[in-house]
Visitor: 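Please read through the structure below; I'll follow up with questions.
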There are 2 protein chains.
Amino acid sequence: MQTRSEETRTHLLEAALRRFASVGYNAASVDDICAAAGVSKGAFYHHFPSKQALFLALLNAWLETIDSGFQAVRQETVPETLRAFTGLLPAIFAAADGHLPMFLEFWLQASRDETVWQATIAPYQRYQQYFTTLIQQGQTEGSLRPELDAPAAAKTIVGLAIGLLLQRLLTDDANWEKTAHASMEILLHGLMQNDSSGEKP
Amino acid sequence: MQTRSEETRTHLLEAALRRFASVGYNAASVDDICAAAGVSKGAFYHHFPSKQALFLALLNAWLETIDSGFQAVRQETVPETLRAFTGLLPAIFAAADGHLPMFLEFWLQASRDETVWQATIAPYQRYQQYFTTLIQQGQTEGSLRPELDAPAAAKTIVGLAIGLLLQRLLTDDANWEKTAHASMEILLHGLMQNDSSGEKP
DNA sequence: AAAAAGATACCGACTGGTCGGTATCTTTTA
DNA sequence: TAAAAGATACCGACCAGTCGGTATCTTTTT
């Protein structure tokens, strides 16, 4: 059971998530968030030193869910792992559906705010490192083309993932998931050693 | 020669671009922009009905430069055209360097404002259509794999372009251009009919 | 061609309202 | 009953947009 204090904190976080997602960081005022949480402004500033601090708390929670997803997808071969990763994307972001604009908001804040930038750039580099290692592993096991520049290929994967997510933001594409899979298949075809192997059954 | 009125308008546009780029759309106040332009607030509202209208003027100017770039890259074969397109990317966005966060911010706002949405979504769909046609053309000429889903492949290309640009936003990667080329080569490898053909000399 | 009349461009003080944050007081918890 | 948590009133800064009025350029009239 949560104490009343913990409940208030949770209510504030959830309300902030909702408000940020629907109207954006700037437009969602502290009063706004407090009203949505059914809590006073005094309570807000008791739990968080600033609006930005609450924002960062949300950001970290978000990043942790992504990280934990990464742990779960390891498969037998690297191409299979990459396919599993694609299958993961909709799951991660369907759960946070409607929060996608916030993803952009984070990014934007990061590009202009030193504090947020630190919190954003670190996990980003971690993801990039993750895929670089994965690709090198695929080259070792012989499933991926050996002449690939592993860091560049990693950036390609991460870039494609981000780009697809943004497109989903812009167009309410019903079968976005299908597009994501098709894209990853094209990319895999470009990464893999020989074209006949590793195809879907 | 510009009339005084035209000069004022130009000054406002240039100053707004500078202010939006450095502090963002919301943070750049109208007073701010007027000060940077060396012009009064009255002049501002004489030339533009609102702050948003001025932004749309900037957005359209930028989109036109992209569109004109698209016209210039047509090559002999489709893979060559795609490579030329990649070579174009740095040029387009070096021109708009530092302005990217501002467009991102506006994009975000676009997703919540019906009027702005129209001005933003239209060019995006135009680009997607452009690449869909290009890919179908490549399938006809035999350079691209016939089993490709052309619209999905187009989304992949556009998505990758957007994703790479956003990555560039976060990391001030010195040889981003090289990465972009490597990415496109991987993608091309996944799109093309046979792997031996169409390689760079 | 000079004066009058009108249109366009521009100025800057002002308004009505919002916002993040603080100070102070009250209630709950342990 | 002391400390933690929450409520309320309030502050100073800021901001998009307005408005009455002035300067400058263009057209018409004489």
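Chain letters run A, B, ... following the sequence lines, proteins first and then strands; every chain starts at 1. All values below were derived from every heavy atom in this structure, side-chain atoms included, with hydrogens, water molecules and symmetry-related copies excluded. Quantities reported herein were computed from a predicted structural model and do not represent experimental measurements.
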Visitor: Between His189(A) and Ile186(A), does a side chain to side chain contact (heavy atoms under 4.5 Å, CB included) hold up when you go through it step by step?
Guide: CA-CA 5 Å; His189(A) 196 279; Ile186(A) 291 171; 5.6 Å; no
Visitor: Could you identify which residues of residues 49-59 of chain A place a heavy atom less than 4.0 Å from some atom of DNA chain C, listed by residue number, or say none?
Guide: Ser50(A), Lys51(A)
Visitor: When you measure from the side-chain N and O atoms of His46(A) to the phosphate of dA5(D), is any distance below 4.0 Å, counting only OP1 and OP2?
Guide: yes
Visitor: Please give, in whole Å, the distance from dA9(D) P to Asp31(A) CG?
Guide: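 Rounded to the whole Å, the gap is 13 Å.
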Visitor: Tell me: CD1 of Ile33(B) to C1' of dG17(D), nearest whole Å?
Guide: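 Answer to the nearest Å: 13 Å.
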Visitor: Give the ring-plane orientation class for Phe20(B) versus Tyr25(B), where under 30° counts as parallel, over 60° as perpendicular and anything between as tilted.
Guide: tilted
Visitor: Does Arg83(B) use its side chain to pair, donor to acceptor, with the backbone of Glu185(B) at less than 3.5 Å?
Guide: no
Visitor: Between dC19(C), dA16(D), dG6(D), which nucleotide has the shortest distance from any of its atoms to the side chain of Ser40(A)?
Guide: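 Of the options given, the side chain of Ser40(A) lies nearest dG6(D).
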Visitor: Output yes when a side-chain donor or acceptor of Thr156(B) lies under 3.5 Å from a complementary backbone atom of Ala152(B), and no otherwise.
Guide: yes
Visitor: Residues in salt bridge (charged side-chain N to carboxylate O under 4.0 Å, His left out) with Arg9(B), at least two apart?
Guide: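 Arg9(B): no salt bridge (charged side-chain N to carboxylate O under 4.0 Å, His left out) contacts found.
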Visitor: With both distances kept under 3.5 Å, what pairs with dA1(C), Watson-Crick or G-U wobble?
Guide: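 Per the H-bond distance test, dT30(D).
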Visitor: Starting at atom CZ of Phe44(A), determine the distance to atom P of dA23(C), rounded to an integer number of angstrom.
Guide: 17 Å
Visitor: Can you tell me the distance, in whole Å, between the CZ atom of Phe48(A) and the P atom of dG6(D)?
Guide: 11 Å
Visitor: Calculate the interatomic distance between Asn26(A) atom CG and dC14(D) atom C1'; express it in whole Å.
Guide: 13 Å
Visitor: If we ignore hydrogens and angles and just use 3.5 Å, is the side chain of Lys51(A) paired with the main-chain N or O of Ala28(A) as donor and acceptor?
Guide: yes
Visitor: For the side chain of His47(A), counting heavy atoms from C-beta on, which of dA16(D), dC10(C), dG6(D) is nearest?
Guide: dG6(D)
Visitor: What is the distance from CZ of Arg9(B) to P of dT8(C), rounded to the nearest Å?
Guide: 16 Å
Visitor: So, is Thr8(A) near the phosphate of dG6(D), with a side-chain N or O under 4.0 Å from OP1 or OP2?
Guide: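 For dG6(D), OP1/OP2 do have a side-chain N/O of Thr8(A) under 4.0 Å.
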Visitor: Mind calculating the distance between CD (Glu6(B)) and C1' (dC25(D)) to the nearest angstrom?
Guide: 14 Å
Visitor: How are the rings of Phe85(B) and Phe131(B) set relative to one another: parallel (under 30°), tilted (30 to 60°) or perpendicular (over 60°)?
Guide: perpendicular
Visitor: Closest to the Lys41(A) side chain: dA16(D), dG6(D), dG21(C)?
Guide: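 Nucleotide nearest to Lys41(A)'s side chain: dG21(C).
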Visitor: Could you check which nucleotide pairs with dC10(C) in any of the strands shown, counting Watson-Crick or G-U wobble with both distances under 3.5 Å?
Guide: dG21(D)
Visitor: Measure the distance from OH on Tyr25(B) to P on dC14(D) and round it to the nearest whole Å.
Guide: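 About 20 Å, once rounded to whole Å.
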Visitor: Measure from the side-chain heavy atoms of Tyr45(A) and tell me the nearest of dA4(D), dA7(D), dT22(C).
Guide: dT22(C)
